[in-house]
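Just below is one structure, and these are the notes that go with it.
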2 protein chains.
Amino acid sequence: MTSSLGAGLARRGVAPDCVQTIELVRDVLARVGDKWTLLTITALTPGPLRFTALHEHVAGISQRMLSQTLRALTRDGLVTRSAYPQVPPRVEYALTPLGRSMSEAVDELVRWVRDHQRDITRNRDEFDQASTAKTTNPPYA
Amino acid sequence: MTSSLGAGLARRGVAPDCVQTIELVRDVLARVGDKWTLLTITALTPGPLRFTALHEHVAGISQRMLSQTLRALTRDGLVTRSAYPQVPPRVEYALTPLGRSMSEAVDELVRWVRDHQRDITRNRDEFDQASTAKTTNPPYA
DNA sequence: CAGTATCCGACCTGATACTG
DNA sequence: CAGTATCAGGTCGGATACTG
């Protein structure tokens with residue numbers, strides 16, 4: 001079996017710490033899957049950046065979302081926030097070793113998606129076409 | 001560099017198909033990170049299951065959400081839906097080879113999370129404590 | 001510069017009820 | 001059995017305006 005999640009995670013009555021794990025997994029997965037995290041991490045991969053620089057690199061993000069995303073990443077220890085007491089203020093964000101480590105793990109998945117991109121989009125097209133078709137001409141009819 | 005996303009994805013002016021890739025990546029990541037997908041896939045890993053069986057295996061899911069999750073997975077070609085024309089109706093869901101393939105890729109990430117679980121929760125605790133502390137006793141003060 | 005505060009619409013989710 | 005329809009509550013994200 002493929003599952004490092006353990007057999008029967010979805011069953012009722014799994015061990016509490018296993019449940020805790022699955023929740024954290026979903027949590028991390030959800031974070032990396034949210035609208036801006038992946039882009040932000042990618043922007044930080046070459047090296048540290050200041051808030052404004054990030055704001056420019058991650059096209060389309062608002063200050064609010066960037067700030068929020070960075071705080072979440074910092075909280076998890078994936079990114080460091082270094083504030084230098086200057087006027088005007090200067091704050092640099094950088095990936096931590098943990099952050100890079102995760103980034104690499106995520107990259108596996110990124111690679112998978114890239115390798116199977118065609119399959120997925122084709123499947124979607126077929127599905128959508130079939131769904132549309134059934135209104136005018138049901139399959140198997 | 002670690003990035004199979006390519007350098008500068010977050011920059012303006014990246015190649016269109018690269019943008020398409022990143023969007024699909026986020027899309028897949030978001031799906032796998034949503035509340036029920038991982039649990040559903042895990043439930044299907046041992047073998048095919050009927051709708052009601054899934055509903056029982058994935059504790060806490062509503063019919064609505066299960067139906068929605070399954071449709072999304074089916075659309076992407078990760079799961080097959082086989083309806084047998086009987087009374088009462090019988091519908092079986094199963095992972096496709098593509099679905100298993102993705103499940104394995106995801107498992108890498110799952111393993112990573114499990115391996116770094118302690119780090120993350122510790123980081124969070126420290127961060128939260130520091131945040132709370134600053135109200136009563138600012139750090140570095 | 002590096003954020004925070006506020007408002008607001010869109011979307012996601014769960015609960016409940018109904019159907020082929 | 002295997003769903004869909006509908007509604008209410010909460011959350012997410014963007015736009016805008018303001019601050020140390």
Side-chain angles (χ1 to χ4, degrees), chain A residues 23 26-27 29-40 43-44 48-75 79-94 127 130-131 134-135 138-141, chain B residues 23 26-27 29-40 43-44 48-75 79-94 127 130-131 134-135 138-141:
Chain A
E23 276 169 9
R26 257 223 328 100
D27 197 82
L29 246 22
R31 187 169 320 297
V32 91
D34 85 2
K35 195 166 181 184
W36 300 112
T37 301
L38 199 56
L39 264 354
T40 303
L44 284 175
L49 285 176
R50 301 176 59 165
F51 188 87
T52 303
L54 268 168
H55 194 213
E56 285 160 7
H57 272 67
V58 183
I61 197 172
S62 64
Q63 282 190 322
R64 184 176 123 89
M65 281 303 110
L66 179 56
S67 169
Q68 230 171 266
T69 303
L70 287 169
R71 196 177 316 122
L73 290 173
T74 303
R75 186 171 107 101
V79 161
T80 55
R81 176 187 186 278
S82 312
Y84 303 94
Q86 304 177 351
V87 190
R90 183 174 139 220
V91 180
E92 280 200 343
Y93 292 92
F127 186 95
S131 301
K134 87 173 183 312
T135 319
Y140 306 99
Chain B
E23 276 170 8
R26 254 224 327 103
D27 196 82
L29 244 22
R31 185 165 324 293
V32 91
D34 87 1
K35 195 167 181 185
W36 301 111
T37 301
L38 200 57
L39 263 354
T40 303
L44 284 175
L49 285 176
R50 301 176 59 165
F51 188 87
T52 302
L54 269 168
H55 194 214
E56 284 160 8
H57 272 68
V58 182
I61 197 171
S62 63
Q63 281 189 322
R64 185 178 123 88
M65 282 302 110
L66 180 57
S67 168
Q68 231 170 265
T69 302
L70 287 170
R71 197 177 315 122
L73 291 173
T74 304
R75 186 172 106 102
V79 160
T80 55
R81 177 186 185 279
S82 313
Y84 302 93
Q86 304 178 351
V87 191
R90 183 175 139 220
V91 179
E92 279 200 344
Y93 291 92
F127 186 96
S131 301
K134 85 175 186 309
T135 319
Y140 306 100

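Side chains are part of it too, since the values below use all heavy atoms of this structure and drop only hydrogens, waters and symmetry mates. Naming: A, B, ... by sequence-line order, numbering from 1 per chain.
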Legend entry - Check against side chain to side chain contact (heavy atoms under 4.5 Å, CB included), R50(B) and L54(B): CA-CA 6 Å; R50(B) 301 176 59 165; L54(B) 269 168; over 6 Å; no
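- T74(A) is linked by a side-chain hydrogen bond (donor to acceptor under 3.5 Å, both in side chains) to nothing, counting only residues two or more places apart in sequence or in another chain.
- Mapping heavy-atom proximity under 4.0 Å, the span of DNA chain C touched by chain A runs 5' to 3' from dC1(C) to dT6(C).
- Counting heavy atoms from C-beta on, the side chains of V91(B) and R81(B) come closer than 4.5 Å.
- Contacts of Y93(A) with the nucleic acid, taken as non-hydrogen atoms under 4.0 Å apart, involve only primed sugar atoms and P, OP1 or OP2.
- Annotation: side chain of L44(B) is in contact with side chain of Y93(B) (closest heavy-atom distance under 4.5 Å).
- Between R90(B) atom CZ and T52(B) atom OG1 the span is 12.0 Å, to the nearest 0.5 Å.
- For R75(A), the salt bridge (charged side-chain N to carboxylate O under 4.0 Å, His left out) partners at least two apart in sequence or on another chain are D128(B).
- Annotation: of the two residues near DNA chain D, P89(A) and I61(A), the 5′-most nearest-nucleotide partner is I61(A).
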Using a 3.5 Å cut-off and no angle test, enumerate the donor-acceptor pairs between side-chain atoms of residues 60-73 of chain A and protein atoms at least two apart in sequence or in another chain.
unit_1: S62(A); atom_1: OG; unit_2: M65(A); atom_2: N; d: 3.2
unit_1: S67(A); atom_1: OG; unit_2: R71(A); atom_2: NH2; d: 3.3
unit_1: T69(A); atom_1: OG1; unit_2: M65(A); atom_2: O; d: 2.7

Legend entry - Annotated protein contacts, base or backbone, on nucleotides 7-12 of chain D with a non-hydrogen cut-off under 4.0 Å, one of B, S, - each: ------
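- A donor-acceptor contact shorter than 3.5 Å links the side chain of H57(B) to the backbone of A53(B).
- Of the residues near DNA chain C, S62(B) and A53(A), the one whose nearest nucleotide (by heavy atom distance) lies more toward the 5' end is A53(A).
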Inset, instruction - Dot-bracket notation for DNA chain C is requested: 5' to 3', Watson-Crick or G-U wobble pairs only, both distances under 3.5 Å, with ( ), [ ], | and . as defined. - result: ||||||||||||||||||||
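- In this structure, the separation between CG on L29(A) and CG on D34(A) is 11.5 Å, given to the nearest 0.5 Å.
- Side-chain contact between W36(A) and L39(A) is present, with at least one heavy-atom pair separated by less than 4.5 Å.
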